[in-house]
J.: 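Below: one structure in structure tokens.
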Amino acid sequence: MYRVLIADDEGIAIDSITFILEHAFENQCEIRSARTGRSVIELAETFRPDIAVMDIQMPGINGIEAIREIRKFSPQTIFLVVSAYDKFSYAKEAIDLGGAGYLTKPLERERFVDAMSGAMQQLDRERTRRSNDLRTMEKLESVVPLIETGFVYSLLLQDSSAEDIDQYRNLLEIREEAGYMLLIEFGDETEANDRASGRKTAGKKMENPIGSGIRVQRQYGRIREIIKDISSRAVVGQIMRNKIPIFIPHADAEPDYRERSEIIDRCRELVRRLEERTDIDFRIGIGTIKPIKEMRSSYQEARNSLRADVDSVLHAEDLPVKTEYEKSYPIDLEKELFEYVQNGEVEQVRRCADAFFSWMEDTQLPAHEDSVRLKALEFVLWAEHIAYVDGGMGIYRFSDRSEYLDISRSCNMPELHSWFVEHFVKAAEKIAGKTMNRTETMVDSALHYIDRNYHRDISLDDVSREINISPYYFSKVFKEKTGVTFVEYLTKARMEKAKELLKDPSSSIRDVCFAVGYQDPNYFSRIFKRSTGRTPSEFRG
């Protein structure tokens with residue numbers, strides 16, 4: 001159905017156009033009409049026509065001015081302009097205002113019907129586009145929460161790659177390089193007690209996390225809407241026990257006092273709305289602004305804020321939960337160093353470890369020699385801890401590092417410098433080589449199994465089961481390591497053994513066939529010729 005408005009000061013013209021529409025388009029049109037510019041505008045406000053057939057010359061407000069006014073409140077309306085004057089200036093102005101056609105009186109039926117058909121097709125295309133857009137929006141509404149949850153988890157998990165995080169950022173159109181974490185805690189409120197005195201204090205203490213978590217899960221969609229209403233850029237994670245982590249993008253700069261107060265006020269308003277609409281008690285911890293790759297630290301601050309006090313909204317800047325360093329300390333270099341260790345980037349670790357120890361030598365010696373020695377020991381132990389946790393250091397033995405304390409105490413500074421860098425590099429090498437070493441061990445075991453069992457009817461499943469990994473992964477790493485597939489390697493091993501056995505004239509081709517794992521001599525002969533270019537008989541000569 002198309003809503004059609006006819007605007008003409010001549011009743012006979014309105015009747016003529018109505019007659020053409022009813023006969024050409026039968027029941028497809030709902031038709032209204034008006035005879036003055038003012039009445040056209042007033043009718044259009046309530047009728048909201050899809051198509052308006054507008055005469056230019058009308059009493060009072062002319063057709064061009066009426067089009068201009070109608071477009072202010074009904075921009076989707078398509079205009080067909082009609083005039084007794086075949087003037088280019090009228091046509092141009094009508095087209096500039098979004099008119100779909102300019103027709104002169106008296107109207108030719110076919111031209112008018114063609115113009116109306118074109119306008120209807122244009123409307124149909126626009127309706128289809130809007131319908132597709134709505135379907136896309138509906139799909140996105142169900143997908144976006146999953147993308148946001150994945151992004152928040154990627155920020156908080158240590159092993160997330162920068163590529164994964166960047167992909168999430170592109171999907172969510174996050175251009176900022178920094179941000180901060182909110183941690184919403186919920187539960188059943190009880191009166192809080194001062195830890196030292198045991199007296200009741202003003203504030204919230206959350207109980208029944210599991211029960212409240214179930215209730216919040218049922219209202220998760222509504223809670224997301226409330227959060228987005230307060231902060232449209234918020235990226236909302238999934239419920240974790242009785243907490244919801246939220247990432248807020250922000251410019252890479254610390255907020256001043258006024259902005260920090262505004263953040264706190266918005267969070268107070270968020271708590272108020274959440275409690276008002278869900279009948280559940282809430283608190284919010286706020287971390288400080290950090291680069292995106294350091295969001296785990298901001299999350300930790302938000303979590304520690306909730307532990308440090310019982311107010312409904314707590315900012316890390318207001319509480320003794322934020323780690324601070326003296327101005328001269330190279331915190332960025334420290335972060336780089338351990339990030340490179342985590343990623344197994346050996347040369348970058350060598351560079352950063354050398355630079356960090358050089359900073360200690362240049363700024364801390366000789367006044368703080370003991371502190372330098374302690375820091376060297378602390379950092380080496382932590383780098384090796386990362387490698388152990390990552391699985392790169394092999395079996396942990398309690399006494400493996402018993403000599404480290406004596407080394408850190410007794411060796412001179414150049415020796416300690418070398419020891420420091422060397423052990424950092426070893427930790428990074430262990431992490432970098434972990435996958436390679438594991439792959440080599442698996443493939444070596446597989447090759448050994450094949451060499452011992454080529455004479456049996458063995459399959460890829462048999463070998464992957466023997467070395468205890470999935471067939472798919474075994475097939476992948478075997479090809480990467482050897483350059484051939486499992487079947488190609490097995491066939492080659494069998495053919496090499498077959499050539500060796502065929503040199504013995506007392507062994508029949510049938511015996512050789514069975515000896516290298518084949519049950520059909522004809523099939524064996526075909527495989528042998530495909531591999532060597534000769535049949536077994538020709539090879540034996």
Side-chain angles (χ1 to χ4, degrees), residues 129-187 209-250 263 266-267 270-271 273-275 277-280 282-287 289-303 306 342-343 470 472-473:
R129 185 191 64 78
R130 283 201 298 267
S131 177
N132 290 337
D133 287 347
L134 287 172
R135 278 197 293 269
T136 301
M137 286 177 64
E138 285 177 347
K139 290 178 182 177
L140 284 175
E141 284 300 314
S142 62
V143 171
V144 167
L146 299 177
I147 297 174
E148 291 192 1
T149 294
F151 179 54
V152 171
Y153 281 170
S154 293
L155 294 178
L156 302 184
L157 293 175
Q158 256 185 342
D159 58 353
S160 295
S161 68
E163 292 78 10
D164 288 344
I165 291 174
D166 286 342
Q167 188 173 3
Y168 279 120
R169 289 176 61 194
N170 289 334
L171 289 170
L172 296 170
E173 298 184 345
I174 296 172
R175 303 288 174 253
E176 294 86 348
E177 297 293 332
Y180 59 94
M181 294 297 300
L182 304 181
L183 188 59
I184 298 180
E185 181 184 44
F186 49 85
I210 296 175
S212 60
I214 293 171
R215 282 151 50 208
V216 166
Q217 190 70 58
R218 294 174 185 150
Q219 303 188 63
Y220 179 70
R222 180 186 300 179
I223 289 170
R224 274 183 57 86
E225 290 176 5
I226 297 169
I227 294 169
K228 295 283 189 178
D229 190 43
I230 295 292
S231 179
S232 60
R233 301 291 314 284
V235 181
V236 185
Q238 189 54 268
I239 297 169
M240 300 189 299
R241 196 165 178 258
N242 71 325
K243 295 179 177 65
I244 303 174
I246 300 169
F247 169 73
I248 309 290
H250 196 281
I263 292 172
R266 283 199 299 273
C267 288
L270 177 56
V271 167
R273 290 199 199 178
L274 288 172
E275 293 183 339
R277 299 185 192 180
T278 64
D279 196 30
I280 298 171
F282 290 86
R283 301 172 67 218
I284 299 178
I286 309 168
I289 294 170
K290 295 183 183 296
I292 283 179
K293 65 181 181 180
E294 297 178 27
M295 276 305 103
R296 288 183 72 251
S297 177
S298 183
Y299 170 80
Q300 191 69 45
E301 291 173 350
R303 190 174 68 170
L306 291 173
Q342 185 76 52
N343 295 333
S470 70
Y472 171 79
Y473 186 64

J.: Measure the spacing between CD1 of I223 and CZ of R277 and express it to the nearest 0.5 Å.
T.: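 Interatomic distance, I223 CD1 to R277 CZ, rounded to 0.5 Å: 11.5 Å.
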J.: Working to the nearest 0.5 angstrom, can you tell me the gap between Q300 CD and L183 CG?
T.: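 The CG atom of L183 is 10.0 Å from CD of Q300, to the nearest 0.5 Å.
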J.: Looking only at atom types and distance, does a side-chain atom of S154 sit under 3.5 Å from a main-chain N or O of I165, one as donor and one as acceptor?
T.: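 The answer is no, because no donor-acceptor pair under 3.5 Å joins these two groups.
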J.: Would a 4.5 Å heavy-atom cut-off, applied to side chains only, mark Y153 and Q238 as touching?
T.: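 When only atoms from C-beta onward are counted, Q238 and Y153 do touch, with a gap below 4.5 Å.
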J.: Output, in order, the C-alpha distance, side-chain angles, deciding distance and verdict of salt bridge (charged side-chain N to carboxylate O under 4.0 Å, His left out) for E225 and R273.
T.: CA-CA 11 Å; E225 290 176 5; R273 290 199 199 178; over 6 Å; no
J.: Is it true that a side-chain atom of R169 and a backbone atom of E176 form a donor plus acceptor pair closer than 3.5 Å?
T.: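 Yes.
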J.: Not counting sequence neighbours, list each pair that qualifies as a salt bridge (charged side-chain N to carboxylate O under 4.0 Å, His left out) and has a residue in residues 146-156.
T.: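 For residues 146-156: E148-R224, E148-K228.
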J.: Under the ring-ring contact (aromatic ring centres under 6.0 Å, His included) definition, can you give me all pairs with a residue in residues 223-250, not counting sequence neighbours?
T.: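 Qualifying pairs, neighbours excluded: F151-F247.
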J.: Go through the steps to decide whether Y220 and V236 satisfy the test side chain to side chain contact (heavy atoms under 4.5 Å, CB included), and finish with yes or no.
T.: CA-CA 10 Å; Y220 179 70; V236 185; 3.8 Å; yes
J.: Looking only at non-hydrogen atoms, find the nearest pair between R129 and D133 and report the distance.
T.: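 Of all heavy-atom pairs spanning R129 and D133, the closest is NH1-OD2, 2.6 Å.
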J.: Can you see which heavy atom on G237 is nearest to which on T149, and at what distance?
T.: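 So the two residues come closest at C-OG1, 4.0 Å.
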J.: Might you work through the side chain to side chain contact (heavy atoms under 4.5 Å, CB included) test for Q167 and L172, ending with a clear yes or no?
T.: CA-CA 9 Å; Q167 188 173 3; L172 296 170; over 6 Å; no
J.: If the condition is side-chain contact (heavy atoms from CB on, under 4.5 Å), which residues does R215 pass it with, not counting sequence neighbours?
T.: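 side-chain contact (heavy atoms from CB on, under 4.5 Å) check on R215 returns D188, N208, S212, R218, I280.
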J.: Can you tell me how far CD1 of I230 sits from CG of L270, rounded to the nearest 0.5 angstrom?
T.: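 Between atom CG of L270 and atom CD1 of I230 there are 5.5 Å.
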J.: Quick one: are I244 and F186 in side-chain contact, heavy atoms under 4.5 Å?
T.: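 The answer is yes; the side chains approach within 4.5 Å.
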J.: Would a 4.5 Å heavy-atom cut-off, applied to side chains only, mark N242 and E185 as touching?
T.: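 In short, these two side chains touch, coming nearer than 4.5 Å.
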J.: If we only count heavy atoms from C-beta on, is the V216 to T278 side-chain gap below 4.5 Å?
T.: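 No, their side chains stay 4.5 Å or more apart.
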J.: Measure the CG-CE distance between L156 and M240 for me, rounded to the nearest 0.5 Å.
T.: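 One finds 6.0 Å between CG of L156 and CE of M240.
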J.: Would you call I263 and Y180 a side-chain contact if the rule is heavy atoms closer than 4.5 Å?
T.: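 Yes. Closest side-chain heavy atoms under 4.5 Å.
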J.: Of the non-hydrogen atoms in P249 and R233, which two are nearest, and what is the gap between them?
T.: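 That would be CD-O, 3.3 Å.
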J.: Of all the heavy-atom pairs spanning G179 and M295, show the shortest one and how long it is.
T.: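 Here G179 and M295 meet closest at O-CE, 3.1 Å.
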J.: Sub-3.5 Å donor-acceptor pair from the side chain of R283 to the main-chain atoms of L306, do we have one?
T.: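 Yes.
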J.: Looking only at non-hydrogen atoms, find the nearest pair between L182 and C267 and report the distance.
T.: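 Heavy atoms of L182 and C267 come nearest at CD2-SG, 3.9 Å.
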J.: Rounded to the nearest 0.5 Å, what separates atom CD in E177 from atom CD1 in I292?
T.: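 Those atoms lie 6.0 Å apart.
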J.: Are I184 and L274 close enough that some pair of their side-chain heavy atoms sits under 4.5 Å apart?
T.: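 Yes - at least one pair of side-chain heavy atoms lies under 4.5 Å apart.
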J.: Give the minimum heavy-atom separation between G285 and A302, together with the two atoms involved.
T.: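 Scanning both residues, the minimum pair turns out to be O-CB, 3.5 Å.
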J.: Once rounded to the nearest 0.5 Å, what's the spacing between atom CG of L146 and atom CG of L171?
T.: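 Rounded to the nearest 0.5 Å, the CG-CG separation comes out at 12.0 Å.
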